[in-house]
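For ligands, and for the atoms within them, numbers begin at 1 and follow the listed sequence. No hydrogens, no waters, no symmetry mates; every other heavy atom, side chains included, goes into these values.
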Amino acid sequence: MTTTAQAAPTAERASQSPARRRVFSGVQPSGDPQLGNYIGAFKGWVDRQDEKENFFCIVDLHTITVDTAPDDLRRQSRELAAALFACGIDPDKCTLFVQSHVAAHAEACWILNCVTPIGWLERMTQFKDKSAGRESVSTGLLDYPVLMAGDILLYSAHEVPVGDDQRQHVELARDIAARFNRIYGETFVVPEAVIPDVGGRVMGLNDPRVKMSKSFSHVRGHAVRLLDEPREIERSIMRAVTDSGNEIAFSDDPDRAGVNNLLGIYKVITGGTNAQVERDFADARGYGDLKRRVAELVIEELTPIRRRYYELMDDVAELDRLLAVGADHARSVSDPKLTEMKEKVGFVLPS
Ligand code: TYM
């Protein structure tokens, strides 16, 4: 695990220590969640939920920065909530909520916009990638990282567990926090990105040179979606692009990225070391065996998640209730921070 600053001290349970480290992270309801989201983010959120005070957010305000059909957004927001609970997010240990239910996020974004130089946003690689070749892009797409900074800073989060693709955005949130603190006095905790050493960038199965992404999850063979049936998972992994060799070992060689990707997925799910993983495959007969065993492991990991997901989707009223409880608790933390921001910049507060 790498962080953008010093490693965090061992966290304690809230009941034992009021100084428990606070975690914030988010995910867009922008398509079918895929194995990269699970390996790079969700699994770590669930595995460490006992140690920290956790806020996880379904970031629908971010999703409308690109064209999104309203009915799809509504459906995908609930589906994502069910998928996260199904992965093991425990509502007694975590606050899971929908971003648009907490008005402070949009308000904080406006105030932070006014301390963020536009050049910082124009340099963001995700903005460059997402706007490339488009005739017109929304102001929201450029402003996306400021909204994200507001998400994190409103909760005074120490840690932001994300995949590697969000590293630059979290670094920007740090810069915005530091700049606001310099101008208006100490207000924000400067957060750290927490990125898994392995699994922080799960690559596409059909092309291990590009990141596995929700946006391409409709492309056959690109991704394993969290809710795929076992036969589909097996088909996608058995067809994964590898190379013409036969050595099953971790490697930085870009020509061996396909094998490295499969080993990384195996490593995160089993929790083993590189040496243990390589030992597990010492008796494998070629890449066919590697793929078959990775497929079996992924199916075993995702099958209970898929079952639980359908149970949760059977009771949408209960899902909505859990999200309402999450939003209430999120407001109780973010509203006072927003008031502090307003005081600091000189707004007259309503009496
Ligand atoms: P999003 O919705 O694209 O992805 C959610 C999480 O999944 C990680 N991820 C991956 N990890 C490893 N390999 C992959 N192929 C892969 N694909 C996605 C992402 O890094 C992310 O951690 N901007 C964010 C959402 C956001 C947010 C925040 C995150 C909004 N506000 C505040 C943290 C804190 C995004 O679009 O994630």
Is there a donor-acceptor pair closer than 3.5 Å between any side-chain N or O of Gln49 and the backbone N or O of Asp90?
yes

Spell out, as yes or no, whether a donor-acceptor pair under 3.5 Å connects the side chain of Asp315 to the backbone of Leu312.
no

Is Lys93 paired with Glu53 through a side-chain N to carboxylate O contact shorter than 4.0 Å?
no

Would you say the side-chain atoms of Arg306 pair up with the backbone N or O of Asp228, donor to acceptor, closer than 3.5 Å?
yes

Applying ring-ring contact (aromatic ring centres under 6.0 Å, His included) to Phe24 and not counting sequence neighbours gives Tyr155

Is it the case that the side chain of Arg174 and the backbone of Val170 share a donor-acceptor pair, with hydrogens and angles ignored and the cut-off at 3.5 Å?
no

Extract all N/O-N/O pairs under 3.5 Å that connect ligand 1 to the protein, and present each with both atom names and the distance rounded to 0.1 Å.
from, atom 1, to, atom 2, distance (Å)
ligand 1, 2 (O), Gln28, N, 2.8
ligand 1, 2 (O), Lys214, NZ, 2.6
ligand 1, 4 (O), Asn37, ND2, 3.3
ligand 1, 7 (O), Asn37, ND2, 3.1
ligand 1, 11 (N), Gly36, O, 3.2
ligand 1, 13 (N), Val202, N, 2.8
ligand 1, 15 (N), Val202, O, 2.8
ligand 1, 15 (N), Met212, O, 2.8
ligand 1, 20 (O), Gly163, N, 2.8
ligand 1, 20 (O), Asp165, OD1, 2.4
ligand 1, 22 (O), Gly163, N, 3.1
ligand 1, 23 (N), Tyr144, OH, 2.7
ligand 1, 23 (N), Gln166, OE1, 3.0
ligand 1, 31 (N), Asp151, OD2, 2.7
ligand 1, 36 (O), Gln28, NE2, 3.0
ligand 1, 36 (O), Tyr144, OH, 2.7

